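Below is one structure, written out as structure tokens; the observations come after it.
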Protein chains: 4
Amino acid sequence: MQHQNPIFIPGPTNTPDVIKAAMNVSNFDHRAPDFADDYIPLLNDLKKVFKTETGQVLLFSATGTGGWEGAISNTLCAGDKVLIARYGMFIQRSIYLSQPFGLDVEVVECEWGTGAPVEEFAHRLRADKKGHIKAVLVTHNETATAVKSDVHGVRKAIDNASHSALLMVDAVSSLASMDFQMDAWGVDIAITGAQKGFMLNTGLAIVGVSPKAMAGTATATLPRCFFDFNDMANANKIGSYPYTPPVQLFNGLRASVSLLLNEGMSNVYARHHRIAEGVRAAVKAWGLELCAHSPELYSDTVTAIMVPEGKDANLITQHAYKAYGVSFGGGLGEMAGKLFRIGHLGAMTDVMVLSGIATAEMVMVDLGYNINLGSGVAAAQSVYRRGV
Amino acid sequence: MQHQNPIFIPGPTNTPDVIKAAMNVSNFDHRAPDFADDYIPLLNDLKKVFKTETGQVLLFSATGTGGWEGAISNTLCAGDKVLIARYGMFIQRSIYLSQPFGLDVEVVECEWGTGAPVEEFAHRLRADKKGHIKAVLVTHNETATAVKSDVHGVRKAIDNASHSALLMVDAVSSLASMDFQMDAWGVDIAITGAQKGFMLNTGLAIVGVSPKAMAGTATATLPRCFFDFNDMANANKIGSYPYTPPVQLFNGLRASVSLLLNEGMSNVYARHHRIAEGVRAAVKAWGLELCAHSPELYSDTVTAIMVPEGKDANLITQHAYKAYGVSFGGGLGEMAGKLFRIGHLGAMTDVMVLSGIATAEMVMVDLGYNINLGSGVAAAQSVYRRGV
Amino acid sequence: MQHQNPIFIPGPTNTPDVIKAAMNVSNFDHRAPDFADDYIPLLNDLKKVFKTETGQVLLFSATGTGGWEGAISNTLCAGDKVLIARYGMFIQRSIYLSQPFGLDVEVVECEWGTGAPVEEFAHRLRADKKGHIKAVLVTHNETATAVKSDVHGVRKAIDNASHSALLMVDAVSSLASMDFQMDAWGVDIAITGAQKGFMLNTGLAIVGVSPKAMAGTATATLPRCFFDFNDMANANKIGSYPYTPPVQLFNGLRASVSLLLNEGMSNVYARHHRIAEGVRAAVKAWGLELCAHSPELYSDTVTAIMVPEGKDANLITQHAYKAYGVSFGGGLGEMAGKLFRIGHLGAMTDVMVLSGIATAEMVMVDLGYNINLGSGVAAAQSVYRRGV
Amino acid sequence: MQHQNPIFIPGPTNTPDVIKAAMNVSNFDHRAPDFADDYIPLLNDLKKVFKTETGQVLLFSATGTGGWEGAISNTLCAGDKVLIARYGMFIQRSIYLSQPFGLDVEVVECEWGTGAPVEEFAHRLRADKKGHIKAVLVTHNETATAVKSDVHGVRKAIDNASHSALLMVDAVSSLASMDFQMDAWGVDIAITGAQKGFMLNTGLAIVGVSPKAMAGTATATLPRCFFDFNDMANANKIGSYPYTPPVQLFNGLRASVSLLLNEGMSNVYARHHRIAEGVRAAVKAWGLELCAHSPELYSDTVTAIMVPEGKDANLITQHAYKAYGVSFGGGLGEMAGKLFRIGHLGAMTDVMVLSGIATAEMVMVDLGYNINLGSGVAAAQSVYRRGV
């Protein structure tokens, strides 16, 4: 029966019935003349979720990681310098991704638990008089540490330095759950996957591309084919797709975008924020610390909770799964064993997350933590209570 | 997103994915020669869930109410006397069902919150020297008050009076969730529906019939056709069905029986008991009373919680649904407004029910109850905690 | 792979993906305040399919057979006379159904392959000066012989005799596929099931009831409970249901009604007619005879094909299933072995039925019939061809 | 209703219910300790379908095109020479794919309708004394022309020339439908997608890699990240996955592999061959020509049919879709307008394909082709008939 429990990982998420139904259609002919009738409006509606009017959204049959690879290979050349701050596992993956492509990665080392170092970026960009830095890569919501970065701030740093670098953003665990404004924030490439805020099965890299980034493909010499932005954009223009499209995910995505736009993006953000506030209240009630260093960094889609010195956080995820059938996120990279994570994005409600908080309490008490049963739940309930 | 919440009504239940998948098959030909290859083993396996070797299980395309009608119309004659104690809404329904058939219902009035009055039954059966009472009708688990009756005790009362009355049991909200032993307890007809312990969609009356009850159809003169036991039993003998069968539900039922038998019936009972114990601990922590008068009456599939004098329990279910998207059961019949119910049967886990308990707390606090947030959750967690 | 083949039985039908998805929802709370928001409009839309404005449509968790039982038990008394013509297996079932209820069935024996004997009915109704006949029972589309009866003619016969008998119609295999006009034809009770023209899973008796039939429940003394029309109608008035409703089927029915009304009822009828005309053209090309005696009797949802003297039609259905994985309907009752049936109602297209015709040809040739492969297909193709 | 028709495109295919159900599961935690319990056996069972014992099978969240990119980028260096014969659209795609990676493509121009030119390959390989050719790329089943190539013959040509070139095979539309023997034929990399012989939704590149190909990754300098074979293989060793896996497709793939192995691979091949033979018999009866030049080239998963001089094949696919709701494949590349294709792979039966043949006939007659209705169907029926 434990498969009945919600999952509390920071993606894949729990999926609404209506989206599951939308993905459960038979294969149909993607070369049929009416394929475009659904596909083109879908691409247009996605722009509302990305909050872009000038850019376009591309859908690759892959995961967010594939989207990152496409971002790099479509806009850069071997030897190009990119500026990245290392403050978590997923931004580190973009460093890792950059290496096989022969990029010259300028790494700003940051403490995990902090976000993109806007001031340091500003400094380095100003210093880069010759414009060697071709792109700044930022993870909007660092899933490993539950830290939100100031993407708009990074853009301002670039602009204030009168720098031409592209701003590429991993929005995998923020988009469609937390405020994200592609145009207003000057994002050139924004990447997410199907299985996060869109609440679908895994299998889509969903990539927002600005006109500037698209223009940059003309001079970018890195090899690409499957993730070629122009092949995709050109096919999209006529409502077509350069290879066999994952039509079930497209169908699900239409249902997802409808759900999101009907709820209203600001309501979606508010729901995630309220849920997250409750989880953070629970953490405080437990007397534990967040990995995120300060409130403006707090993520609304995942909460990363430091365990006390001497404790092994891996035991929490293992015991939760084995004893209660509940999946939490573990610590990754340098945070392995030091924190565990409660994911609360996508098809999540106050009611559902309370069972996650309650389970975390039982697990910690089982493991000898000095925690009062019910304490975190009560704190979260105070946040979630409605009036009558 | 609120449709993502589990439901906490005492049926229909939450349904496991694997059962949903089993019900999601296309129509197929129920007259095909291999239809019986699945159907006959299913009927046999159901006997293991009913714990009968001598009886048989019949599947009608209806609900439990239809099963009750069949129990009456197949075994009794107009004017026959039946003995029923009125201690809740669902046993009252069997009184209601008996009336159009012209039965002479001998009603034992009981306080709601108590169960079948074994001693009074014994008294009346002993007094019925001429055997006017043809059947004793009992609800094993009275869903409206969350009270379990001593079915085995009723059988002993019948036998001790050397009486020949049939024992007919509404096991709708107990079977496949709470201990039920058709043969050992001498039950002649046991009735349940698809949407309770079997965790299916609504649409099956699942009826266990003893050889004695089946023999009784020969002299029973009440009209019946759709619910005719002999038509069904005769068709079943050759793996056939007297009209179009609901094959998707049969498919789901096979998946359900597999799940149950794989978990082991005693483990299924233990899981429901543990979950119920946690809910009762929560009620105690809240300082509220159960409707059930004493521990041996406690149901393991539903908990009925009295609200304090002056409170309207209907506000709880209304507010829970409207503000939190959570469905609890309300008070029925003479308990309307006096109690609310948390259903916890079927595809339910400790983790899931904690969110129901937490929601009930928020709702009651919202409504001005003198309850501490987290208090009931903490009490339940103490029950649910595993060691490491 | 043979489960991939369409089924060619006269119900259950093939089900559209969108309806399967609509039935594949989790259980939800039927006592929730918004249950009525979907249920009441559904009941209203169903009236458009039944073509009634004055009547109402009731949904029982059962099959069409249960609907028949309800029609009888809600409107008649033991000893009442009903007029029925025996011209097929399913109208015979209504005779069978009438017996346990102690009705006095006046049977008009007719040759199978003919329909309701309007003239003979007229004669008997005129002769029944004292109004002993309380109801005339007709099967609109006799599934066993693929014969359509003139329901409107029967009503005229009743009216012309100034008779007050109720007109009860088994519209199981016609409604939502063939023209049916409850009000215009003066039908008092019309019955169908979910798994025919509505293309759902089995499990609903869908019953149209005229005001006159409803009024008749006041004096009808036959026992009924599960199928009580007043219990259901009263509950429906407030958007409620007297017992646990099969909500997944309701959801599916909403999708079905949308599909039907969007296609347009007259287009639905025209599609079924065209498909049936093609099948009949195939039969003619094979040199075989229909069971139906004359064109005005031809059914548009199923075709019953006589096999030549000396052939056993059961071998056709058996061989089709075993060798090709295709289900046809067999001969029933006195037509057993004499005919086989191709069902073509519900989610059926010209393209799909061609594979059924082609399979029938292969089967017959395998069995030594003097049939040319492709001959029936060609005849049907001539009917199905579109211009360019 | 036209969405009810089977699809007759050469992939994506029709999907069995049981596979659809397997893909319709909720997201679960891919980092849970029991993830590997299903994943590792799946990878092992896939080897039976690829018929490899020494190789391994990798599953990328992408399509077959992504698999091709991975084959190239993991084993080759910029400037490497690859030998490719251009005899169809999909092998041409591998030429296209090779270009951005800076490969030196030695193209052997062939007539479309022929297959891999074994003799010419043999000649060129023998002439390549210095071993500049690093890989020979072959499409086993050229979907655009319905031509099967002699993959084993190409391997023999390589070996006979004592050449060390890798043999990379696009088996997208053959694997799991037509005989394919990775080890026995000496294939180094074999690529397919989920939506063909495996009958799944689109979204997996399924890649068989020989030990030699794997060893070649050590010296291959082309950039790769998402499709990195070593990252994947290393993760697989511990039952893990380098990024978020498409778990629903994995679940479906398990169901698919079970279906295939239960049917038996040789029975799967025989079924496809029989179906294809029927389609080819129909083409002959129509008096039309196949694109494939000779019988040993005939594909068993798709049939490409040349239209007579002066006809536009595109009108066939357009009219079939618009008038009958049936999807055929059109002509691609230099075959555009010259041929149309009937796909018959995956979840296909004799019965289903007959409706495709019948539809093609109607379409062609509608368009003025000199074809007798029923003629192709009759020819196919002769192939499909079983004895009794």
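Note that the coordinates shown come from a computational prediction; the quantities given were computed from them, not determined experimentally. Numbers restart at 1 for each chain; the letters A, B, ... are given by sequence-line order, proteins then strands.
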- Among Leu249(C), Thr221(C), Asp34(C), Leu204(C), single out the residue with the greatest number of heavy-atom pairs under 4.5 Å to chain B. Asp34(C)
- Taking Thr301(B) for the side chain and Leu345(B) for the main chain, is one N or O donor matched with an acceptor at less than 3.5 Å? no
- Query: Looking at Val247(B), Thr317(B), Leu222(B), Val25(B), which makes the most heavy-atom pairs under 4.5 Å with chain C?
  - Reply: Val25(B)
- Note on the structure: Pair count under 4.5 Å, heavy atoms only, with chain B: among Gln318(C), Arg93(C), Gln99(C), Met199(C), highest is Arg93(C)
- Okay, Phe101(C) and chain B: the region with an atom under 4.5 Å from a heavy atom over there is both
- Under the 3.5 angstrom rule, does the side chain of Ser61(C) hit a backbone N or O of Pro246(C) as a donor-acceptor pair? no
- Message: With a 4.5 angstrom heavy-atom cut-off, is it the side chain or the backbone of Leu200(C) that approaches chain B, or both, or neither?
- Response: backbone
- Ranked by heavy-atom pairs below 4.5 Å to chain B, first place among Phe60(C), Phe8(C), Tyr96(C) goes to Tyr96(C)
- Heavy-atom distances under 4.5 Å only: say whether Asp231(C) touches chain B with side chain, backbone, both or neither. side chain
- Item | Check: Asp170(B) side chain, Val172(B) main-chain N or O, donor-acceptor pair, under 3.5 Å | yes
- Task: Below 4.5 Å from any heavy atom of chain B, which atoms of Ile7(C) appear? Answer side chain, backbone, both or neither.
- Result: side chain
- Query: So which of Arg31(B), Met23(B), Gln195(B) has the biggest tally of heavy-atom pairs under 4.5 Å with chain C?
  - Reply: Gln195(B)
- Task: Name the member of Pro33(B), Ala21(B), Ser73(B) that forms the most heavy-atom pairs with chain C at distances under 4.5 Å.
- Result: Pro33(B)
- Message: Under a 3.5 Å threshold, yes or no: a donor from one side chain and an acceptor from the other, between Asp29(C) and Ser327(B)?
- Response: yes
- Between the side chains of Asn74(B) and Thr217(B), does any donor sit under 3.5 Å from an acceptor? no
- Item | Distance-only polar pair, side chains of Asn201(B) and Gln248(B), donor-acceptor under 3.5 Å | no
- Message: When you measure from the side chain of Asp80(C) to the backbone of Cys77(C), do you find a donor-acceptor pair of N or O atoms at a distance under 3.5 Å?
- Response: yes
- Note on the structure: Whatever's closer than 4.5 Å to a heavy atom in chain C on Ile9(B) counts as side chain
- Item | Distance-only side-chain donor-acceptor flag, Ser177(B) / Lys196(B), under 3.5 Å | no
